[in-house]
Structures are given as structure tokens and as C-alpha cells.
Amino acid sequence: MTTRSCPCGLPETYEACCGRFHAGTAVAPTAERLMRSRYCAFVRLDAGYLLRTWHPRTRPERVELDPGMRWTGLEILDTTGGSAFHTTGTVTFRASHRGGSLHERSRFERVDGAWVYVDGDFLD
């Protein structure tokens, strides 16, 4: 990842990649892009975006983010569904941080045409 690339791991700048989703000027077109943008929101401590992209039936009242957590990379391991032609999808990923990693299979659904995070299962 270069200093100009998005924290989600794609080669675009933050503004051209996840920044536009965070700003609300675009919506993630796939479950994977939503996953990447949510990872980026954790990196940038954007709790508002995380809440806005959480399914209404599973959304917590608030998200507490640890400003001391240093996320260091995202690896997408598998996806099922989640495209423009689907209403559900899963994304299996590993998010690394100083001191370890988080391995999860996340579930996504469309609500009013937009992808949202439903829940996930921790793996490993």
C-alpha cells in the first residue's frame, strides 16, 4: 500500500475509493466493496459510517472504536453472491492489526437497494 492508496487495499486514492462512500456521494456497488469501505471506516475511526451501513435489525445503538488500534491490512479471502445481481452475499476476510488479526465471514443484504452489513462469524 502506498501513502496515497486507500487503506482498504485497492490502488485508488482514499477520495476516489472508500472516501466517496464515507462522504455519501456514492454507495458501495457490491458486498465486497462495502466490506472494504467498512474496514477503511475502522481505520479512520468513522463510527457514523459503520452505523449507517449496518442492517437495521442487527445495528447496535453505538459503536465504540479504539483510537489506539492500528489496522495494518485487509485480505479478502472469499466472496459469495454480493454483486449487482444478488440480494445477499458473504465476504470472508482477514483484517490485520498490530498484535494480531481478525478472521471473519461477514453476511450482507440489500436494504432499499444499498448493501448493508448484517452480522458475521469469527473464524480461527
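None of the values given here were measured: they were computed from a predicted structure.
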inquiry  = Going by the rule side-chain hydrogen bond (donor to acceptor under 3.5 Å, both in side chains), which residues pair with Glu61 if we only count those two or more places apart in sequence or in a different chain?
reply    =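 Counting only residues at least two positions away or on another chain, Glu61 forms no side-chain hydrogen bond (donor to acceptor under 3.5 Å, both in side chains).
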Any chance you could measure [X], atom [atom1], to [Y], atom [atom2], to the nearest 0.5 Å?
X	Y	atom1	atom2	answer
Glu109	Arg57	CD	CZ	4.5 Å
Cys8	Glu32	SG	CD	9.0 Å
Arg70	Ser96	CZ	OG	15.5 Å

ask   = Any side-chain donor-acceptor pair under 3.5 Å between Thr90 and Thr80?
value =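 Yes.
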task = Scan side-chain atoms only and decide if Ser106 and Glu104 contain a donor-acceptor pair under the 3.5 Å cut-off.
result =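 Note: Ser106 and Glu104 side chains meet the donor-acceptor criterion.
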request  = Identify the two heavy atoms, one from Thr72 and one from His97, that lie closest to each other, and give their separation to 0.1 Å.
outcome  =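 Residues Thr72 and His97, closest heavy atoms: OG1-N, 3.6 Å.
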key: Exercise: identify the closest heavy-atom pair between Ser5 and Pro11   =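 Heavy atoms only, the tightest pair is CB-O, 4.0 Å.
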query = Who else is in Leu123's hydrophobic cluster (ILVMFWY, side-chain heavy atoms under 4.5 Å, direct or via others)?
reply =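 Leu123 clusters with nothing; isolated.
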task = May I ask you to list the residues sharing a hydrophobic cluster with Leu74, side-chain cutoff 4.5 Å, ordered by chain and number?
result =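 Via sub-4.5 Å side-chain contacts, Leu74 links to Phe21, Leu34, Met35, Tyr39, Phe42, Val43, Leu45, Tyr49, Leu50, Leu51, Trp54, Val63, Leu65, Met69, Trp71, Ile76, Val91, Phe93, Leu102, Phe108, Trp115, Tyr117, Phe122.
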inquiry  = I'd like to know if the side chain of Thr58 and the backbone of Val118 have a donor-acceptor N/O pair within less than 3.5 Å.
reply    =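 Here the side-chain-to-backbone pair exists.
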inquiry  = Has Thr25 got a side-chain atom pairing as donor or acceptor with Arg20's backbone, closer than 3.5 angstrom?
reply    =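 Flag set: sc Thr25 to bb Arg20 pair under 3.5 Å.
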key: Among Arg36, Arg33, His22, the one residue meeting side-chain contact (heavy atoms from CB on, under 4.5 Å) with Cys17   =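 Checked Arg36, Arg33, His22 against Cys17; only one passes side-chain contact (heavy atoms from CB on, under 4.5 Å): Arg33.
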key: Side chain to side chain, Arg52 and Val116, heavy atoms closer than 4.5 Å   =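 Arg52 does not reach Val116 side chain to side chain.
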query = Residues two or more places apart in sequence or in another chain: which of them pass salt bridge (Lys or Arg N to Asp or Glu O under 4.0 Å) with Glu15?
reply =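 Salt bridge (Lys or Arg N to Asp or Glu O under 4.0 Å) check on Glu15 returns nothing, list empty.
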inquiry  = So, using salt bridge (Lys or Arg N to Asp or Glu O under 4.0 Å) as the criterion, who are the partners of Arg107 when residues are at least two apart?
reply    =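 By the salt bridge (Lys or Arg N to Asp or Glu O under 4.0 Å) rule, Arg107 matches Asp119, Asp121.
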inquiry  = Test of understanding: with ring-ring contact (aromatic ring centres under 6.0 Å, His included), list the residues that count as partners of His86, not counting sequence neighbours.
reply    =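 Scan of His86 (ring-ring contact (aromatic ring centres under 6.0 Å, His included), adjacent residues dropped) gives none.
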